[in-house]
Amino acid sequence: MHKLNLLSLILIAPLVSCSVCSANDIVNIDSYTEGRIANIIETQVKTADRAHQGEIINRVSAEFLATPYKGNLLIGSPTESEKLVIDFRGLDCFTYLDYVNSLSKSENKSDFVKKLINTRYINGDVSYTHRKHFFTDWSHRQPLNAKDITAQVSSHSITVAKHLNQKENGSEFIPTLGVVNRDVSYIPAEFVNDELISHLKTGDYVGIYTKIKGLDVTHTGIFIMTPTGAVLRNASSLKKNMKVVDSPFIQYVKNTPGIIVLRAF
């Protein structure tokens, strides 16, 4: 689901001071995750051709296949201080993208922490109100993680004026965050076909557009072209999955309103 984690109930041990955060920030990370960070960077990032970012994203994202789906892992809310959570033992669809995007650009663990802060938070400010809660924040809020190429890859894209964070009754999904007015472009599902796929690249980030007022997407994943066809690699909360899986792309999208496509820098 989207990144509206209103309350996290899990604390991750041990707690390690973060040299790249402010003095008031704490990194919540366990030994398993520390080991995985080092291994993925050494085996999948440093050995890859840096000129092909999409293939690096493919290699890194594949490392998480079968990882259990777990929601509400992030710590922070309008009434609880934000903590920088890094936990590879379970993922939701948005933290999955956070980790893949950050790992794909990292040289070591310390660099990964820096990249994650810039991926997850506006202006690198580790706070709940500065968390990039919406998928389109990745292409609108600094530092940018990706470029919105939705209109570029399809002439059938539709642009909607959204009031992100504002419910239909006028209240906010996230109190204190405020309302973000943004034009959001999406490609209706009926036009997600082989022609469109020919314009997508492995490693493109995909959001499942929603018509719900105040939200831009309800799910996210990564477009991967495999030898057997296009898939949406995603942390799936469906009961039949509850883990990171490769879902047939067109089949998955056809039962949704459509998609938003971002391309990593």
Side-chain angles (χ1 to χ4, degrees), residues 1-8 69-74 76-79 91-98 119-122 128-141 145-151 153-154 156-192 196 200 204-223 232-242 244-245 247 249-262:
M1 295 297 290
H2 53 80
K3 199 178 181 179
L4 297 177
N5 295 309
L6 300 183
L7 184 63
S8 281
Y69 178 92
K70 290 183 181 179
N72 300 320
L73 288 178
L74 300 188
S77 75
T79 59
L91 307 168
D92 63 24
C93 70
F94 218 119
T95 55
Y96 180 37
L97 266 60
D98 279 350
T119 293
R120 185 176 289 170
Y121 298 100
I122 299 165
Y128 186 72
T129 55
H130 282 75
R131 197 190 295 173
K132 295 175 183 177
H133 292 278
F134 301 98
F135 180 64
T136 50
D137 284 345
W138 276 37
S139 59
H140 283 80
R141 306 302 295 267
N145 299 331
K147 177 183 178 181
D148 191 330
I149 61 167
T150 307
V153 297
S154 175
H156 299 289
S157 67
I158 296 172
T159 300
V160 179
K162 284 275 191 175
H163 308 291
L164 299 178
N165 198 42
Q166 186 177 62
K167 295 181 180 180
E168 191 166 5
N169 64 8
S171 64
E172 296 182 356
F173 283 100
I174 304 175
T176 74
L177 186 64
V179 176
V180 179
N181 297 316
R182 180 174 297 158
D183 289 339
V184 175
S185 297
Y186 76 100
I187 303 165
E190 63 187 289
F191 299 110
V192 177
L196 173 67
L200 301 183
D204 284 344
Y205 297 122
V206 177
I208 302 300
Y209 177 76
T210 179
K211 296 181 180 180
I212 298 173
K213 290 187 176 181
L215 302 179
D216 53 1
V217 304
T218 52
H219 191 54
T220 61
I222 305 168
F223 176 85
L232 181 70
R233 186 164 292 165
N234 65 111
S236 173
S237 62
L238 296 177
K239 289 184 179 180
K240 67 178 181 179
N241 296 323
M242 291 302 293
V244 177
V245 297
S247 304
F249 192 80
I250 292 179
Q251 181 180 334
Y252 188 98
V253 173
K254 71 178 182 180
N255 294 319
T256 73
I259 61 173
I260 298 170
V261 185
L262 307 183

If you compare all heavy atoms of E172 against all heavy atoms of V179, which two are closest, and at what distance to 0.1 Å? OE2-N, 4.2 Å
Under the side-chain contact (heavy atoms from CB on, under 4.5 Å) test, residues paired with K240 that sit two or more places apart: L238
Take F135 and L262 through the side chain to side chain contact (heavy atoms under 4.5 Å, CB included) test and state the conclusion after the steps. CA-CA 9 Å; F135 180 64; L262 307 183; 3.5 Å; yes
Are the side chains of S236 and Y69 in touch, meaning some heavy atoms are under 4.5 Å apart? no
Taking the side chain as C-beta and beyond, is there a heavy-atom pair between F94 and H133 under 4.5 Å? no
Could you check if a side-chain atom of I259 sits within less than 4.5 angstrom of a side-chain atom of F249, using non-hydrogen atoms only? yes
Quick check: closest heavy atoms across V244 and L91, and the distance to 0.1 Å? CG2-CD1, 3.8 Å
Least distance between heavy atoms, S237 atom then M242 atom: O-SD, 3.3 Å
In the structure I gave you, are the side-chain heavy atoms of R141 and F134 within less than 4.5 Å of one another anywhere? no
For Y205, the side chain to side chain donor-acceptor pair (under 3.5 Å) test, sequence neighbours excluded, returns N101
Which residues pass the side-chain contact (heavy atoms from CB on, under 4.5 Å) test with S154, sequence neighbours left out? H156, I187, L196
Partners meeting ring pair (Phe, Tyr, Trp, His ring centres under 6.0 Å) with H130 (sequence neighbours left out): none
d(H140 NE2, D216 CG) to nearest 0.5 Å is 10.0 Å
S157: side chain to side chain donor-acceptor pair (under 3.5 Å) partners, not counting sequence neighbours: none
Indicate yes or no: at least one non-hydrogen side-chain atom of K162 is less than 4.5 angstrom from one of T136. no
Quick one: CD1 on I122 to OG1 on T129, what's the gap to the nearest 0.5 Å? 8.0 Å
Within the 4.5 Å heavy-atom criterion, are V160 and Y186 side-chain neighbours or not? yes
Report the residues that fulfil side-chain contact (heavy atoms from CB on, under 4.5 Å) with N255, sequence neighbours left out, ordered by chain and then residue number. none
Kindly compute the distance separating OG1 (T220) from OH (Y96), expressed to the nearest 0.5 Å. 10.0 Å
Going through the distances and angles, do L200 and V153 end up as a side chain to side chain contact (heavy atoms under 4.5 Å, CB included)? CA-CA 7 Å; L200 301 183; V153 297; 4.2 Å; yes
V192 side chain reached by T256 side chain, heavy atoms, under 4.5 Å: no
Compare every heavy atom of N165 with every heavy atom of G178, then report the nearest pair and how far apart it is. O-ND2, 2.8 Å
Side chains of D98 and W138 in contact at under 4.5 Å (non-hydrogen atoms): yes
Restricting to non-hydrogen atoms, name the atom on P188 and the atom on I158 that form the minimum distance, rounded to 0.1 Å. CG-CD1, 3.5 Å
With sequence neighbours excluded, tell me which residues meet side chain to side chain donor-acceptor pair (under 3.5 Å) with S247. N234
Counting only heavy atoms from other residues, nucleotides and ligands, does the tally under 6.0 Å from CD of E190 exceed 12? yes
Counterpart residues, side-chain contact (heavy atoms from CB on, under 4.5 Å), relative to K167 (two or more places apart): N169, S171, F173
Going by salt bridge (charged side-chain N to carboxylate O under 4.0 Å, His left out), name the residues that satisfy it together with D137, two or more places apart in sequence or in a different chain. R182
For N181, all residues meeting side chain to side chain donor-acceptor pair (under 3.5 Å), sequence neighbours excluded: H163
Take T95 and R120 through the side chain to side chain contact (heavy atoms under 4.5 Å, CB included) test and state the conclusion after the steps. CA-CA 9 Å; T95 55; R120 185 176 289 170; 4.2 Å; yes
Tell me the closest heavy-atom pair linking K147 and S139, and the distance in Å. C-CB, 4.3 Å
Only one of D148, I149, V206 forms a side-chain contact (heavy atoms from CB on, under 4.5 Å) with I260, so which one is it? D148
